[in-house]
There are 2 protein chains.
Amino acid sequence: MIVTPKRHVFHEPLPLRSGAVLPAFELVYETYGTLSPARDNAVLICHALNASHHVAGLHADASGQPIPRSEGWWHSMVGPGKPVDTERFFVIGINNVGSCFGSTGPTHVNPATGQPWGADFPVVTVEDWVDAQARLLDALGIERLAAVMGGSLGGMQALSWTLQHPERVRHAVVIASAPNLTAENIAFNEVARRAIVTDPDFHGGHYLRHGTKPRCGLRIARMIGHITYLSDDVMNEKFGRRLRPLADAVRAGDVEAAERLAYRYTTQDIEFEIESYLRYQGDKFSDYFDANTYLLITRALDYFDPAREHDGNLSAALARARADFLVISFSTDWRFAPARSREIVKALLDNRRRVSYAEIDAPHGHDAFLLDDARYHAAVRAYFEHRVGAAGA
Amino acid sequence: MIVTPKRHVFHEPLPLRSGAVLPAFELVYETYGTLSPARDNAVLICHALNASHHVAGLHADASGQPIPRSEGWWHSMVGPGKPVDTERFFVIGINNVGSCFGSTGPTHVNPATGQPWGADFPVVTVEDWVDAQARLLDALGIERLAAVMGGSLGGMQALSWTLQHPERVRHAVVIASAPNLTAENIAFNEVARRAIVTDPDFHGGHYLRHGTKPRCGLRIARMIGHITYLSDDVMNEKFGRRLRPLADAVRAGDVEAAERLAYRYTTQDIEFEIESYLRYQGDKFSDYFDANTYLLITRALDYFDPAREHDGNLSAALARARADFLVISFSTDWRFAPARSREIVKALLDNRRRVSYAEIDAPHGHDAFLLDDARYHAAVRAYFEHRVGAAGA
């Protein structure tokens, strides 16, 4: 499946929760499958921290050939015959404003100054993103979604859709998410932000004007993120206490060398395999991700808290929802723990919503929502086949 | 109880596990209580990452007056009438080599160059520290310890004492510790080290020659540390999602202002109380701690693994131990989880050692070992009164 990103320019300004207003803005999106004549089979996929509109399929090069390894970030979940079946549903992947993958964001030019927005890009919230997404649906002539779906921060957007536009959502699929962040989650976000902001190459967020990039800070931010997305168990299984040179020797089949290898006793060089992995992930991320986007998206995570206007009462906050729900969590996800998903389930049941809940026993921590787990995919497939697909498609 | 640090210079070089040799070195230590005529009531306290020889009591200023808030780091545990009772035991607090609190370390002058050691200070291990500590006991004329005791990395030293000098230890008290670090723990250490090493003020570890200090890196390292020392629960209870200005208003008794307060929508300024706390802790730490010491001590944590020379078989590794043991863990400590303490207990039982084990249900995470918890202190007190005190003191 080869896909081409599309873009839509909105000339009507977007008022934001912060009080700021985003003037004319642009959204990049992709679609998979065919919109039914009744326009009732649309599924919107919302992305989390470092993903984009490119949910499924492959991109093509200039000659039309598929680019190797250009699969979308939820390729295993969305596509022909996949749990979210694009032969049946019209799936929309969308890039949020503030991101660095095409939609209007801090690397774009601020029309008021002619300079990149940088740190002046306004703070955006989950609610703002949903507003912008609703504008795109208007433009596509989609009045009501068969489903809105996302994992982690994407799940927060799915939940917020059911509160901001209750009549426009038939089903919400909220995966590995939470009704708000805990203090510990905010703390991890804050350390990552401080690493970026205190990087001398950050220049108060106007690094583009200085021709630099806060790479060190981005690396640290990504390393922290990676640790918290994985479970302790899966880290021990994948890396354990294996030494890096030992891993190299074993890969080369040199068992004798492997046996001779010992600690090198170094504080600055790589000694353990896990260190090598984290440095690699950090380097890769600092190549392609924008630092201001990192700040904006982690803040959107911090701020999301629908119960806040209801004195912390989540049941009261979710009273507006009209959708049916599938909520999924993963047993080893300590960043968005099953208990947080159960809070959502309880609040929905308090409001007599129809809720399916699956707690998947998976070893992979928060990352599990991106992976191809048979029971997890079976739950999503069954829900889309028998519930979402039953009335509309 | 006013105490004065003492120092001892060792002219005999200290060979290290890395193969390097530390020439003449100095240890700073404190003692509390009186050594019995039989010299059999000595208790050695080993410190963890950011502590020192100053375990208990107060320091005095030049005029002999106690300095306010100068209590030692384990003041609640050690002192007259405390669980480790200095009216009965002769307690020794010792600062390890490589530290930045007085004993020979990277801020000291390397006699070979006349310059501060900086990054050239040799890598030190738990085993090296135990060797150095044993030299101090020789100098003090103490052949055998009534007990060796420590929490976290200090617990690793206590455990290592029973393997390196089995005949010199009657009891080992190993608190909130582990037989080695997991991949996740190494990962957190590595991110902290990278934050320090990639700080432009680090200068390859020779920042003292440049008149600088990698403060940003140290701040990040400390913030990461703080998150992992606390439990999710205690963070939620202490800080939750409380906003910083709200907390200020409540403290000032201005409830009306508090009610009016809303999100300020900022990515770089403080919004949540937890952020303010972490920044404060980071700032404080970067004032007094040495960056090379941070690298050395986290590496000593990473390297400790007595089972390593026994193909990962901890029971085989602990076969040398002759001491009796008290092992304590805390239910919410996710960095040194109870399961890791139980590995130590099992390996000791496999070797028919006498082991008491207490798993304390405490909300405070890894930090619990430093805090004044009634059940925890009762367990230590009972052990010292009835077991350590029974034969020797």
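- Contacts classified as salt bridge (Lys or Arg N to Asp or Glu O under 4.0 Å) and involving residues 221-240 of chain A (residues at least two apart or in different chains) are not found.
- The most heavy-atom pairs under 4.5 Å with chain B, out of A:Asn236, A:Leu296, A:Val197, come from A:Asn236.
- For A:Leu278, the part lying near chain B is the side chain, with the backbone staying farther off; criterion is any non-hydrogen pair under 4.5 Å.
- Seen from the ring of A:Phe239, A:Arg244 does not count as a face-on cation partner, given the 6.0 Å and 45° thresholds.
- Note: A:Asp302 leads A:Asp201, A:Asp302, A:Ile274 in heavy-atom pairs under 4.5 Å with chain B.
- Contact tally against chain A (heavy-atom pairs below 4.5 Å) for B:Met223, B:His226, B:Glu190, B:Arg193: the top residue is B:Glu190.
- Put simply, the side chain of B:Arg340 never gets that close to the backbone of B:Ser177: no donor and acceptor are under 3.5 Å apart.
- When only modelled atom types and interatomic distance are considered, B:Tyr207 and B:Asp199 share no side-chain donor-acceptor pair under 3.5 Å.
- By number of non-hydrogen pairs under 4.5 angstrom with chain B, the leading residue of A:Tyr303, A:Tyr277, A:Trp334 is A:Tyr303.
- With hydrogens and angles disregarded, a donor-acceptor distance shorter than 3.5 Å links the side chain of B:Asn292 to the backbone of B:Gly205.
- Here B:Ile227 is the residue among B:Ile227, B:Asn189, B:Thr198 with the most heavy-atom pairs under 4.5 Å with chain A.
- In terms of non-hydrogen atom pairs under 4.5 Å with chain A, the most contact-rich of B:Met235, B:Arg215, B:Arg219 is B:Met235.
- Ranked by non-hydrogen atom pairs under 4.5 Å with chain A, the options B:Tyr265, B:Phe272, B:Phe188 are led by B:Tyr265.
- Partners of B:His310 under the ring pair (Phe, Tyr, Trp, His ring centres under 6.0 Å) rule, at least two apart in sequence or in another chain, do not exist in this structure.
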